[in-house]
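Order of the sequence lines sets the chain letters (A, B, ...), proteins ahead of strands, with each chain counted from 1.
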Amino acid sequence: MSVQTSDTIDTRQEFAARILDWYDRSARVLPWRVPPGSNAVPDPYRVWMAEVMLQQTTVAAVAGYFERFTVRWPTVADLAAADDADVMAAWAGLGYYARARNLLACARAVVAEHGGRFPDNEAALRALPGVGDYTAAAVAAIAFGQPAVVVDANIERVIARHRLIETPLPAAKRGIKAALAPLVPAARPGDFVQALMDLGAGICTPRSPACAICPVMADCRARGRADIERLPVKPAKKAKPQRHGVAHWIERDGCIWLVRRPEKGMLGGMRALPGGEWSGTPVESELSESGIAQVDHGFTHFDLRLTLVRGETPPEGPDAAGEGEWWPLSTLDAAGLPTLYRKLIDRLRETDG
DNA sequence: AAGACGTGGGC
DNA sequence: TGCCCAAGTCT
């Protein structure tokens with residue numbers, strides 16, 4: 001599918017000029033960002049760290065994590081030398097935990113294969129763990145000033161509307177990228193990318209876009225359409241199944257028994273309360289109401305009702321699933337438990353005292 | 001290539 | 001309340 005650009009008011013240069021001019025006046029101030037007009041040089045490590053944290057995650061949720069990570073591990077070499085458990089615990093609560101495992105693997109690859117410096121081109125970045133099409137292009141543009149074609153959900157929305165691309169995602173991705181490519185300026189490509197993302201986040205929003213103050217409304221093909229919120233067209237969502245599970249509260253001498261979940265799968269590599277598989281049928285303790293706490297937690301592709309029961313002893317022997325450790329109750333907050341378990345324990349404290 | 005993979009906030 | 005959504009990647 002080809003996208004016509006010859007009928008626009010803006011020339012290619014004018015589009016970028018309007019975007020950059022708007023950015024110079026309206027750029028968000030963010031901890032990982034070099035402000036427009038600053039002479040500071042972006043640190044590729046910080047740019048990469050922020051991009052990974054921001055995958056499918058809001059700016060507000062990332063800010064505190066970014067601060068803690070970069071203070072604790074100021075360079076990629078520091079992160080590469082960190083203990084896996086410390087990094088996983090520090091990531092707890094941010095979600096999509098494969099990112100934390102890949103973050104560490106990537107840092108170690110940069111040290112082992114690139115002498116501790118991030119590669120400056122999209123192809124080499126793309127080969128690093130946890131770095132996909134988006135992140136490779138974003139780091140190339142923002143950290144290294146390369147005119148990469150960066151497409152995230154914000155830019156998808158901006159371009160799908162501006163060019164009135166009605167093809168449903170993800171098929172529309174190719175056309176969106178093709179439409180964006182000729183608009184990327186040779187100068188300030190990193191600011192251009194960040195400007196487009198700010199525009200999508202603040203002006204060209206999913207609902208109630210502020211078209212009246214958009215810097216490129218003049219030639220936006222979706223402007224004024226009653227159904228502009230429909231763009232980009234997304235596939236229908238599937239129903240989420242309900243699952244049920246049990247977690248065990250095993251306490252001894254002021255300590256609680258924690259396990260580490262397998263690397264693959266849900267909450268992979270994270271500390272957790274011991275428990276069985278999560279299945280489609282209610283657990284016995286749920287039906288008999290013998291649990292000491294319960295939580296309903298929504299994941300991306302299923303809902304979970306987790307029931308906490310008091311246990312006597314940890315599983316013993318080599319057949320016990322996963323390794324475990326006695327963790328002092330007084331420092332349980334520092335264990336780095338995923339939100340699911342933190343919620344469950346909060347519920348226990350509310351009711352149990 | 002469709003599904004797995006977390007969480008919190010906005011409306 | 002419940003649904004939608006967010007600077008995606010991996011398999």
Within this structure, what is the CZ-to-C1' distance between A:Arg101 and C:dT9, rounded to whole angstrom? 11 Å

Among the candidates B:dT7, C:dA6, C:dT9, find the nucleotide nearest to the side-chain atoms of A:Thr58. C:dA6

Judged by each residue's nearest nucleotide on DNA chain B, which is more toward the 5′ side, A:Lys238 or A:Gln56? A:Lys238

A:Arg28 backbone acceptor or donor facing A:Asp198 side chain under 3.5 Å: yes

Which ones in residues 38-48 of chain A lie close to DNA chain B, meaning a heavy atom under 4.0 Å from one of its atoms? none

Let's test your reading of the model: under 3.5 Å, does the base of B:dG6 pair with the side chain of A:Thr300 as donor and acceptor? yes

Under 4.5 Å between side-chain heavy atoms, hopping through other hydrophobics if needed: is there a path connecting A:Ile228 to A:Ile176? no

Side chain to side chain donor-acceptor pair (under 3.5 Å) filter on A:Arg72, not counting sequence neighbours, yields none

With sequence neighbours left out, write down each residue that passes salt bridge (charged side-chain N to carboxylate O under 4.0 Å, His left out) with A:Asp120, or none if nothing qualifies. none

Rounded to whole Å, the CZ-C1' distance (A:Arg271 to B:dG6) equals 19 Å

Candidates C:dA6, B:dT7, C:dT9 - which lies nearest the side chain of A:Thr339: B:dT7

From OH of A:Tyr97 over to P of C:dT9, roughly how many Å is that when rounded to an integer? 19 Å

Specify the residue among A:Gln55 and A:Lys234 whose closest nucleotide of DNA chain C lies further upstream toward the 5′ end. A:Lys234

Measure the distance from CZ on A:Arg99 to P on B:dG6 and round it to the nearest whole Å. 9 Å

Mind calculating the distance between CH2 (A:Trp278) and P (B:dA4) to the nearest angstrom? 14 Å

Could you walk me through whether A:His301 and A:Phe299 pass the ring pair (Phe, Tyr, Trp, His ring centres under 6.0 Å) test, one step at a time? CA-CA 6 Å; A:His301 58 293; A:Phe299 291 113; 7.6 Å; no

Give a yes/no verdict on a cation-pi contact between A:Arg117 and A:Trp48, requiring under 6.0 Å between NZ or CZ and the six-membered ring centre and an angle within 45° of the axis. no

Is it the case that B:dG6 (base atoms only) and A:Tyr96 (side chain only) share a donor and an acceptor within less than 3.5 Å, ignoring hydrogens and angles? yes

Euclidean distance for P, B:dG6 against C:dT11 (whole angstrom): 14 Å

Closest to the 5' end of DNA chain C, once A:Ile142 and A:Lys264 are matched to their nearest nucleotides, is A:Ile142

Does A:Arg99 qualify as a cation-pi partner of A:Tyr96, given the criterion of NZ or CZ under 6.0 Å from the six-membered ring centre and within 45 degrees of its axis? no

Among C:dA6, C:dC4, C:dC10, which nucleotide has an atom closest to any side-chain atom of A:Asn102? C:dC10

Can you tell me how far C1' of C:dG2 sits from CZ of A:Phe299, to the nearest Å? 18 Å

Whole angstrom value for the distance that separates P of B:dT7 from CG of A:Leu304: 11 Å

Are A:Arg188 and A:Asp24 ion-paired here, with the side-chain N under 4.0 Å from a carboxylate O? yes

Rounded to whole angstrom units, what separation is found between the CG atom of A:Asp303 and the P atom of B:dG6? 15 Å

Closest to the side chain of A:Arg157, out of C:dC4, C:dA6, B:dG6, is C:dA6

